[in-house]
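Following: one structure in structure tokens, then a few remarks.
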Amino acid sequence: MVNSDESPMHLAKLLGLRNSLTNKTNDFVFNLVSKLPQTMNVEYVLKDCVKFLSPNIRKAVLLKLLSTKKLSMRLERDDEDMKLFMIPALALLLETDSNVEVLDLTGYVSHCPRTRRYVLLELAINYVSARATNLLSLSILKEGCFRENMPGMQVFNRNYMQAFVKLEHLQVLRIEEFEIDVQDLMWLCEKLRHLRFVSVNISEHYFNIPTLEELRDSFQFLKAFFFRSTASVQHILEFRNLCKMYLPNLQVIMGFASDFCSQREYQYAPHMKKERNLRHLGLNFQYEKADKDVHFMFPRVTHLMIEGPDKFSNNEWQIKPLLKFSISEIESLHLSHVPPEIVLQFVTTYGPNLHSLFLGNSICLKDSESSLDRIFELCPKLERVGLVDVKGPVIPMSCFTMLKEVIL
């Protein structure tokens with residue numbers, strides 16, 4: 001029996017993918033929020049007109065407003081945006097409905113002047129923690145791609161984070177526009193015992209590798225732990241591998257092992273007791289090797305990402321352990337900087353049940369065993385294909401007619 005807090009529909013709600021409104025009502029909310037910046041008297045609309053909407057639509061309008069980036073057409077962000085749009089919207093939301101469960105403040109932060117983001121968000125978080133005591137999900141998502149490094153981000157300090165601790169029911173926390181020290185993150189996760197899904201930037205400063213006891217005390221309940229950092233690759237991998245080995249509940253660590261997955265559409269896989277639950281496994285052969293028992297260590301892997309160095313002879317590719325996962329379990333392969341002979345071995349092994357395949361910086365020569373035609377033949381169930389910097393003949397469009405998604 002699936003715990004209601006771990007069901008696909010519940011997580012979809014917490015990640016902002018699902019709400020209780022009809023499509024027609026959602027369209028109305030979107031149109032109203034998109035036209036608000038052109039309104040002559042925004043303050044009047046927020047304080048008076050919005051109050052006359054039915055409670056569920058009013059709540060949807062205010063939540064949409066707070067989550068939507070860059071409503072203003074002005075390039076410069078100033079305090080006027082905050083005074084007109086965001087601060088009144090947040091205040092009205094929490095005055096009229098303190099039982100908010102899902103809150104996305106991406107729009108709120110995107111309208112803050114950069115020099116005042118830290119202060120204005122602190123005011124908002126203090127306000128939210130005092131009123132939205134049943135909050136389950138809080139998001140501040142990065143503008144642009146979460147994978148891009150953003151040096152120079154402001155770092156949350158321990159005092160700043162005291163307000164988060166009051167949100168004791170929080171299950172999802174995504175803070176992607178600021179950094180957090182790893183020690184403070186562990187402290188926060190230890191306080192918020194219902195957290196299952198975290199997405200953060202870890203500051204490279206004071207990024208000390210925790211002890212096993214510290215790691216377990218802090219992160220033992222997490223199922224999805226997305227993070228990025230400007231620390232050295234070796235340091236990041238050491239931390240990632242520690243989490244991978246000693247946090248058996250984790251299904252995703254650091255990031256997805258597929259370009260076709262997204263946080264917004266993510267669903268928890270069924271939890272398995274007495275074994276590691278990792279579903280997304282990534283290995284970078286430039287810095288690490290596959291353990292000979294990797295298929296026993298992580299028996300539930302469904303998505304496999306292999307990245308190779310630019311220069312590597314085929315004899316140096318120790319991939320036999322990676323070909324021993326359950327063939328019926330592996331549904332996605334991401335192979336980057338992997339020579340064609342090695343690509344063929346992976347595809348021959350896992351191709352029959354693959355739903356997605358990504359090839360990057362590879363060579364697929366015509367009339368060879370590793371040609372794209374041959375690869376597609378070995379993968380009859382493919383729904384999603386990525387081909388980036390692949391050398392070979394022009395790919396006929398007929399190859400893609402049955403696919404749901406293509407990255408070129």
Side-chain angles (χ1 to χ4, degrees), residues 6 8 11-12 15 17 145-147 172 174 176 195-200 202 215 219-229 233 236-272 275-291 293-308 319 321-338 346-347 349-350 353-360 382-386 405 407:
E6 299 174 3
L11 184 59
L15 296 177
L17 186 62
C145 177
F146 178 63
R147 291 182 180 182
V172 172
R174 296 187 289 173
E176 298 177 358
L195 269 184
R196 298 293 181 269
F197 190 113
V198 168
S199 181
V200 293
I202 297 178
L215 193 78
F219 301 139
Q220 61 177 309
F221 298 117
L222 294 185
K223 292 187 172 220
F225 182 13
F226 298 90
F227 72 88
R228 62 178 186 162
S229 177
V233 175
I236 292 170
L237 291 181
E238 182 181 356
F239 178 68
R240 185 197 69 177
N241 291 337
L242 200 67
C243 293
K244 191 168 65 177
M245 289 296 297
Y246 297 102
L247 299 174
N249 289 330
L250 278 180
Q251 298 183 8
V252 184
I253 173 65
M254 189 171 165
F256 291 116
S258 170
D259 280 46
F260 298 104
C261 295
S262 67
Q263 287 188 18
R264 189 173 172 83
E265 297 178 352
Y266 180 64
Q267 296 179 5
Y268 297 134
H271 178 74
M272 308 303 294
E275 62 182 35
R276 296 184 183 93
N277 280 266
L278 195 71
R279 262 58 176 190
H280 288 254
L281 176 64
L283 283 171
N284 189 327
F285 271 73
Q286 185 163 346
Y287 303 98
E288 54 191 341
K289 293 181 180 180
D291 191 283
D293 294 323
V294 65
H295 56 298
F296 292 129
M297 295 159 62
F298 307 106
R300 296 292 168 180
V301 168
T302 55
H303 295 68
L304 195 55
M305 175 181 284
I306 307 298
E307 297 176 281
I319 65 164
L322 296 170
L323 300 176
K324 295 180 180 180
F325 290 103
S326 171
I327 295 174
S328 61
E329 291 283 341
I330 299 295
E331 61 184 63
S332 172
L333 274 180
H334 177 118
L335 305 173
S336 183
H337 290 281
V338 177
F346 276 107
V347 173
T349 302
Y350 298 119
N353 289 297
L354 277 188
H355 293 167
S356 67
L357 174 66
F358 182 99
L359 299 178
L382 276 184
E383 298 177 346
R384 294 170 174 82
V385 168
E405 189 174 355
I407 298 174

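In summary, the side chains of Y266 and Q251 do present a donor paired with an acceptor at a separation below 3.5 Å, with no hydrogens or angles considered. Donor-acceptor pairing under 3.5 Å is recorded for the side chains of Q263 and S199.
Side chain of S229 to main chain of I202: a donor-acceptor pair is present (N/O by atom type, distance under 3.5 Å, no hydrogens or angles).
Scanning for side chain to side chain donor-acceptor pair (under 3.5 Å) contacts around E405 gives R384, with sequence neighbours left out. Residues passing the side chain to side chain donor-acceptor pair (under 3.5 Å) test with S262: none are found, sequence neighbours excluded. Looking at residues two or more places apart in sequence or on another chain, you find a side chain to side chain contact (heavy atoms under 4.5 Å, CB included) between M245 and R276, M297, F298. Scanning for ring-ring contact (aromatic ring centres under 6.0 Å, His included) contacts around F225 gives F219, F227, with sequence neighbours left out. Remark: N241 engages K244, E288 in a side chain to side chain donor-acceptor pair (under 3.5 Å) (not counting sequence neighbours). E238 pairs by the salt bridge (Lys or Arg N to Asp or Glu O under 4.0 Å) definition with nothing, not counting sequence neighbours.
When all heavy atoms of N249 and Q220 are compared, the closest pair comes out as ND2-O, 2.8 Å. The minimum heavy-atom distance linking L354 with L357 is given by the pair CD1-CD1, 4.3 Å. Considering every non-hydrogen atom in both V301 and I330, the closest pair reads O-CD1, 3.4 Å. Contact record, F260 with S356: CD1-CB, 3.8 Å, taken as the closest heavy-atom pair.
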Distance-only donor-acceptor hits, side chain of residues 277-285, under 3.5 Å, sequence neighbours excluded:
residue	atom	partner	partner atom	Å
N277	OD1	M272	N	2.7
N277	OD1	R279	NH1	3.3
N277	ND2	P248	O	3.2
N277	ND2	M272	O	2.8
N277	ND2	E275	O	3.2
R279	NH1	N277	O	2.9
R279	NH2	P270	O	2.9
H280	ND1	A257	N	3.0
N284	OD1	Q286	N	3.0

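From I319, atom CD1 reaches atom CG of L335 across 9.5 Å, with rounding to the nearest 0.5 Å. Expressed to the nearest 0.5 Å, how far CG of L215 lies from SG of C243 amounts to 4.5 Å. The CD atom of E176 sits 9.5 Å away from the CZ atom of F226 when rounded to the nearest 0.5 Å. How far CG of L250 is from CG of L247: 5.0 Å, rounded to the nearest 0.5 Å. A distance of 8.5 Å separates CD of E331 from OG of S258, quoted to the nearest 0.5 Å. Atom NE2 of residue H334 and atom CE of residue M305 lie 4.0 Å apart, to the nearest 0.5 angstrom.
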Step by step, would you call R196 with Y268 a side-chain contact (heavy atoms from CB on, under 4.5 Å)?
-> CA-CA 10 Å; R196 298 293 181 269; Y268 297 134; 3.4 Å; yes
Give the intermediate values and the outcome of side-chain contact (heavy atoms from CB on, under 4.5 Å) for residues C261 and H303.
-> CA-CA 10 Å; C261 295; H303 295 68; 3.8 Å; yes
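Note: F325 and Y350 have tilted aromatic rings, judged against thresholds of 30 and 60 degrees for the angle between ring planes.
Using a 4.5 Å cut-off on side-chain heavy atoms (C-beta onward), V385 and F358 make no contact. Counting only heavy atoms from C-beta outward, the side chains of M254 and I236 approach each other to under 4.5 Å.
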